[in-house]
Every structure is written in structure tokens, then in C-alpha cells.
There are 4 protein chains.
Amino acid sequence: MPDLPQPRRIPRQSRSRALVDSILEATAHVLSERGYAGTNTNLVAERAGVSVGSVYQYFPNKDSLISALHERHATEMHAAMEAVLAGMPSQGLRAQLAAIVRAWMAAHQIAPELHRVLEKEFPFFDAPPDQSPADQSIYARVHQLLEAHRDGLVPQDLSLAAWVVLQSMESLIHAAIIPPGTPHPIEKTEQAIIDMLTGYLHGGQQPDSR
Amino acid sequence: MPDLPQPRRIPRQSRSRALVDSILEATAHVLSERGYAGTNTNLVAERAGVSVGSVYQYFPNKDSLISALHERHATEMHAAMEAVLAGMPSQGLRAQLAAIVRAWMAAHQIAPELHRVLEKEFPFFDAPPDQSPADQSIYARVHQLLEAHRDGLVPQDLSLAAWVVLQSMESLIHAAIIPPGTPHPIEKTEQAIIDMLTGYLHGGQQPDSR
Amino acid sequence: MPDLPQPRRIPRQSRSRALVDSILEATAHVLSERGYAGTNTNLVAERAGVSVGSVYQYFPNKDSLISALHERHATEMHAAMEAVLAGMPSQGLRAQLAAIVRAWMAAHQIAPELHRVLEKEFPFFDAPPDQSPADQSIYARVHQLLEAHRDGLVPQDLSLAAWVVLQSMESLIHAAIIPPGTPHPIEKTEQAIIDMLTGYLHGGQQPDSR
Amino acid sequence: MPDLPQPRRIPRQSRSRALVDSILEATAHVLSERGYAGTNTNLVAERAGVSVGSVYQYFPNKDSLISALHERHATEMHAAMEAVLAGMPSQGLRAQLAAIVRAWMAAHQIAPELHRVLEKEFPFFDAPPDQSPADQSIYARVHQLLEAHRDGLVPQDLSLAAWVVLQSMESLIHAAIIPPGTPHPIEKTEQAIIDMLTGYLHGGQQPDSR
DNA sequence: TATGAATGAGCTTTCATTCAT
DNA sequence: CATGAATGAAAGCTCATTCAT
């Protein structure tokens, strides 16, 4: 399990691209429906309508499938974030964070079972999650966001603040969405997440905040 | 697999108790060193110095080992929390939360690898985490803590607030400690976690918060 | 599997006798309800209300349990035969065979599932069935019966005839009773068995033999 | 375990066919030499010169191996019966039954140990023997035989008669051949079986039937 | 004698991975 | 490149049997 989940060959031809996509799609399906323990490469191949051999043409091993799925998810989250921010260029940090939280919550609600598997079962592959390019981009973007509003922030170490914001945002969203999910109304939970982030970032300078 | 974590027989004699403990200890060791995928019942038995049969005398299956380990961890965290709070009866909420965070951080630093496996690889058994009695106790205690300081709190729904506080506290601690851990100094991270919780609970009512 | 199913010690004390009986009874129950594959010594011991160790006090191994059960059954069948014949001292062979068939059919109908297991799963232990004392007695009695009516018999080799009669009688009764049993009414089947035996033994000389 | 005997995939290519055959052959060998208890899938695979995986490619589980063997045997017996009858189109029932008995006796003498296992150890899988297509065909053929000679028969219910004839014929042949076998000369036993069947069917009114 | 915790060989079955076609 | 039959290591779990108490 030491080799990194790098696709064996970078597929550029559209046919290969489609193949990779359908394999990934199949992986997501099987993973959602049967969990990690119930997922195996033959099943994925069958579901994708290709042979096992073809799966191994593009993915060095079973775990790389999940790795790729995780990266795809991170990429989608990054895109969602960019899309949302592009639509609200010069607004306040609170509004921007709120928009991100809402967008991510919405995105996760589409396939909660898959995200459960991805979140709960993925990390155990030795792949350090921070190696993911998409994760890096997300981090960078949040960092940039904080810098843009540096003046109003309580935390001074923006790297640390970005890390804290991202970690708690992600884990709260996951906890809220992933089965069994929040015991509370989803909108209230969403608001609480936003409040928490804002409280941290803007938190203390208010004189009445004891 | 829905009703696992019940030991096959309730061990009352000290010999049985010791056996169960050594099996659990062995599980923790093997899990830490080899991860879930590399852990198997024969290995655990060997490490515990007993036969596989004995393992199955007390645990219905492999997963129940991890279940039990998880419960043990939750129980320890609950105890740590109680111990810390007992030593500071009538202090402010911030101080109390800070104490809990520090105690838990310290506790997790003892066997970070084990916690990585427990946190990251355990949840994939369908066992809903909320079924755990120890987890319930922890939640109840935090809820009680918030109630005792209800007057100074911004969030009004204390159930929700307890859920948010617990989720973010736990996930941030895990993210900080579990390999690869924070890229930031541990004390600063710790402080940031405390700030976040306090910011949420005491923080953001300010309309001018931009 | 080479050692013969001889009880370790011949129990003479009444307490031992009762123990052996309850173990045998438990074996019969478990065997009936779960089949050979589902039967194990611990289950039998539990059902009998004794410890496994006690089972091994009286039976050298698992198979000897079934052996003993088989022997018990054969003994019962022998007794039933003797009882029936004792009540009809000087009647015709046909009537006597008919009485035996009816008695055995009735006896087998009490616990068909157990007999299924006994008949179908027992023979596979290397114990040669003819070693059984009770089986020997049954054979001897049938042989004696034929001798008593030697004059009216077509077959001249009475040893062979006794073997044929016993084999077909037993197998037809088993086939009739053991699930799924005959597809025909039990009385008609019973009559057919009697007809077959009589047809063989009396062959053709009786014009009234229908 | 109710619907076993279906091979996982229907082998059409000659290579697969050969594989299935060699696995079955290996099963027969191992079963003959070591009995059911001593038979395991790894042994079968080894003997067949294939890997365990290949065994499971064509047979869903261990028991289905024996199921298949049983069906193969029934098919062979059916074929033997047809072959024999084809060679004696318009002869008397007695002659035809005699021919079948002789053919089956001969067939069983080839691998008595295997038949012992098949007959004695097989039925304990819940597979109802009557489900077997080959068994059905055999029954149908015997029924047809009786119908063709209906006029000379004492039994009027031909279904019942066919059942009785088949049951006793098979069980007597098995008892004669399967170790430890008859204590009587094989030819005399064979003749006795034929006499029994004829005695039942013709009731003995034929004075020439000795 | 009775107990039942402990043993551990051994079995069935799965599935990631390969490679001849 | 694609295929999918074949591989075989490996793992979970059972249960007949023992023996210290």
C-alpha cells in the first residue's frame, strides 16, 4: 500500500477519458450502495461495463480508485467555491463564507452515502490528504479570502486561521450531512456553522463579547 | 452487522477481565502498527498471547474488537473531562472548555497512531457513533455545561450548540494530532480551537461584523 | 475417525444412565432441528444441561453420539418387532410381516426428521452397520421367521431372503416416511410394501395371494 | 442452501468444459478416498490441477460439487437404462427389469466407494432428490415400462408401483454393492432382486416364474 | 467426577491482480 | 489496447477436544 495513487497513464484521448469517467462513476455507485467492504474491482468493472483488465489499465490498484474519487470530489468542491465567489465579488467575509457553506452543504446532499464512504473510509489509505492538489487549491483560496479581509479579523496567523476554518467547516458539514446526520433542522445547523466561523474570525474585538 | 459491540459473555471473573483487556491492548497495538487492513484476528490473538478461539470467546467478530476499543476511548475521554471539571467547580465557560480541550489534546498525544485508526477507520462499521453510551455521556455533560452558563450565550438552541461544539472540538483535535497533524505549533492550534469555540458561544451577535 | 464408537465406560449407576440418556435425547433433538452440519458437541451439552466435559466422559467423540443414537433406534425397532410378534404367535408369514411393517412405519412417523438424519447421515461414519448388535438381532429374528415358514417359501436360501426382505423393508419404510416422503397415501404405500415382500417370498404358488 | 446445483457460469467452451470435468473427476476421487469429512475444496483443486479460485468459478460452494456428482451419476444411470432397453425392444417386463438391474449393478461395481459416499453422504444436503432432472427421467421411464405391460400387472396404481420398484431396486443394488456389500454371491443377490421386483409386479400368479 | 475456558488446526470462501489470447 | 479466466495468498471463524480447577 505504499505506492501513491497515481493513474498509470495520463489519459488524453477522449475515449480513455470517457473510460476513466465511467470507471469512477461505477466506483462511486458501488461504494455508495455497498460500502468499502462490499466493493471490489470486479464489481466496479462490471458496473462500468468494462473488463477488470481495463480498470487496471488506468488505475494501479483498488485504492487508487477511491483516491481518484476523493480528488474528483475535492475538485468539485473547489469549483463550487470559485463559482460562488465569482458571483459575489466585493462582499463581506461573513457573506462569502456563508455562501461557501451553503454551496458545499447543497453539494454534499446529493450523494450523502458516497460522501460517508469517502470521508469515513478514505483517509485510511496512507495517502496524506494534503497531498491532494485540489485540497491545496481550496486551502489557498480560503487563505486568500482571509487576507482580503485581514483588517477585520481577530486571528492574526492567517495560515492557522485558514486551517481552522477549513477543518471545522468540512467536518461540521460532513457531520451534518453524512448519515445519520444532524438531529437538528438542516437550516439551523447550517446557520450554526456559519456563526461558528464568523464568531471565530470576528469574535473578540466587540467590547460586549466578554 | 448492526448489533456488534456486545461481548459474547460478560466477563466478571478477574481472569476473564484480564483476558479481555489484553486482547483489547493487543488490538490497539496491531491497529496502530499495521492499520485496519493489516490487522487480523490471528495477529491480535498472537500478540495478546492467547489463541484465536479465546478472542472469539469474548468478541463475536473482528469488528467488535474495534468497536470495543472505540468505546474504551470514549469512556476515557469522558473520564478525563469529568476529572478536569471536578477540579474547577465554579469557573467561566471559556476556562472550562479550554481545560477540556487541553486535557483531550494531551490524551490524544499519547497514541496518535491508534487514534488515527480509531477515528479514521472505525466509523465505517455501520455502528452509529451515537449509540455509544460514553459518547452520550459526553454530549450530556457538554449540554449541561452550556446550560449552566446559558445567560452569557449567543446560541439559544443549546442542543444544537452542544452538537456544534462537540463536533468541531473533536474534529479539530483529531486533525491537529492525528498524523500528519497540524502544520502549526501545537499550543497555537490549541488556542485557536478554544478561540473558535468561545467565538461561537459568546461571539457574533454584532450586526457590524464585516 | 478410525476408532469405534464404543462408550468410554459402561454406565451402570442410575445417575450415569440418566446422564447418558439425557445426552442422547439432546443429540436427537439438535440433530432433528439442525441436521448433522448444524450439530456440535457444545450445543448438545448445553441442550442436555451438562458440560461438554461430561459428554466426553461417556462418549469418546462426536460421532459416537450418533452411533449410539442409531443403536438405540435399532434396539427400539427390535423391541417393537418382538412385541408385535409376541401378540400373534401362530399366524401366517404374511400377517406377521404386515404387522412388523405397520409397527415400524408407526414408529418412524414419530420423529421423521431425526430418522432422516440418522438414516441419511449416519452411514458415513466408518462404523460397519452390521456390527450393531441390535441389527444382528433383527436379522436373526427375521431369519427365524422365514425358517418357521420355510415350506411355503419360493426362495430357498433363507439367509439371502432375510437380507433382501430386511433391506427392502427398511429402505421402503425410510423412503416413505423420511421427508419428503411418499407422494402416495401412506396406507397404500404400506400395503405395497407388504405386497412386495409377500410377492417375493411366496412367489406364485398361492392363487389367493392378492 | 436450497438452490445449489447451478454452476456459476454455464461452460460452453471446450476448455471450461474440460475444467469442470476435471474438477468433478477430482471430487469423485477425493470423495472416494477420504469420504465427505476428509474432503475439502483445496484438496479437490489440487487433485484437479487447478487453483481453488477456479473451483469457485464454476461451483458456488463445496456442496454443489457433490450435487453435481450426484446428478452426473443419475444421468449415467438413466443413459445405461435407455441403452439396455434400446437393445431389447419387445421383450417381457421381467426380462427388461432384469436387464436394468444387471446394467446398474455392473455400473455400480466400477467405483463402489464413490457410490457409497454419494448414496450415503449426499442426501444430507437438503437438496430433494426428486428435484434432479435425471432422477425424474428415470422415474418416468420406469413408469412408461409398467404401462406398456399394464395387463400382466397385479398393482393397479402404476405411479405407486413405479415408486416402489425404483426405491427397492436402487436400495437393494446399493446395499449389495456399497461396502461392506452383500454377504452373498453377487449373482444370487442380483437374481433375488429381480425375483423380488417380479414377485411384486406379477404377484406370482405365473407358475413359470421361478 | 464435573466443569467450561482455552486451544488451534483447519476449512470455506473472497478478491486483487496477472497475463495469455 | 481490451479481455476475463485463472490464480492463490490470506482471512475470518468454527468446533472437537483437552485439562486445570
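Throughout, a chain's letter reflects where its sequence line sits, starting with A, and its residues are numbered from 1. Just the heavy atoms: all of them, side chains too, but no hydrogens, waters or symmetry mates, feed the values below. Fair warning: this is a prediction, and the values are worked out from it, not measured in the lab.
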Distance in angstrom units between B:Phe59 CZ and F:dC13 P, rounded: 13 Å
Set of residues satisfying side chain to side chain contact (heavy atoms under 4.5 Å, CB included) with respect to D:Ala74, sequence neighbours excluded: D:Ser132, D:Ala134, D:Asp135
What's touching nucleotides 9-12 of chain E from the protein side, N or O pairs under 3.5 Å?
{"from": "E:dT12", "atom 1": "OP1", "to": "D:Lys62", "atom 2": "NZ", "distance (Å)": "2.8"}
{"from": "E:dT12", "atom 1": "OP2", "to": "D:Thr41", "atom 2": "N", "distance (Å)": "3.1"}
{"from": "E:dT12", "atom 1": "OP2", "to": "D:Thr41", "atom 2": "OG1", "distance (Å)": "3.4"}

Residues that D:His29 engages under ring pair (Phe, Tyr, Trp, His ring centres under 6.0 Å), provided they are two or more places apart: none
Phosphate OP1/OP2 of E:dG8: any B:Ser51 side-chain N/O under 4.0 Å: no
Under 3.5 Å donor-acceptor, A:Thr39 side chain and A:Gly35 backbone: yes
Student check: side-chain heavy atoms of D:Ser16 and D:Gln57 closer than 4.5 Å: no
Distance under 6.0 Å and angle within 45° of ring axis: D:Lys62 vs D:Tyr56: no
5'-most by nearest nucleotide on DNA chain F - A:Val50 or D:Gly49: A:Val50
Options E:dT3, E:dA6, F:dA5, nucleotide nearest the side-chain atoms of B:Ser54: E:dA6
Please tabulate, for side-chain N and O atoms in residues 40-48 of chain C, each donor-acceptor pair with protein atoms closer than 3.5 Å (sequence neighbours left out).
none

Strand DNA chain F in bracket notation, Watson-Crick/G-U under 3.5 Å with | for pairs to another chain: .||||||||||||||||||||
Rounded distance in Å - OH (B:Tyr58) to C1' (E:dA5): 6 Å
Whether A:Ser54 side chain and A:Val50 backbone form a donor-acceptor pair below 3.5 Å: no
Interatomic distance, B:Leu43 CG vs E:dG8 C1' [rounded to whole Å]: 16 Å
Interatomic distance, A:Gln57 CD vs E:dT17 P [rounded to whole Å]: 15 Å
Whole-Å gap separating P (E:dA5) and CD (C:Glu46): 11 Å
Atom-to-atom span, CD1 of D:Ile23 to C1' of F:dA6 - whole angstrom: 11 Å
Sugar-phosphate only, base, or nothing, as touched by C:Leu19 at under 4.0 Å among non-hydrogen atoms: sugar-phosphate
Backbone N/O of B:Ala28 and side chain of B:Ser32: donor-acceptor pair under 3.5 Å: yes
Residues that A:Glu25 engages under salt bridge (charged side-chain N to carboxylate O under 4.0 Å, His left out), provided they are two or more places apart: A:Arg72
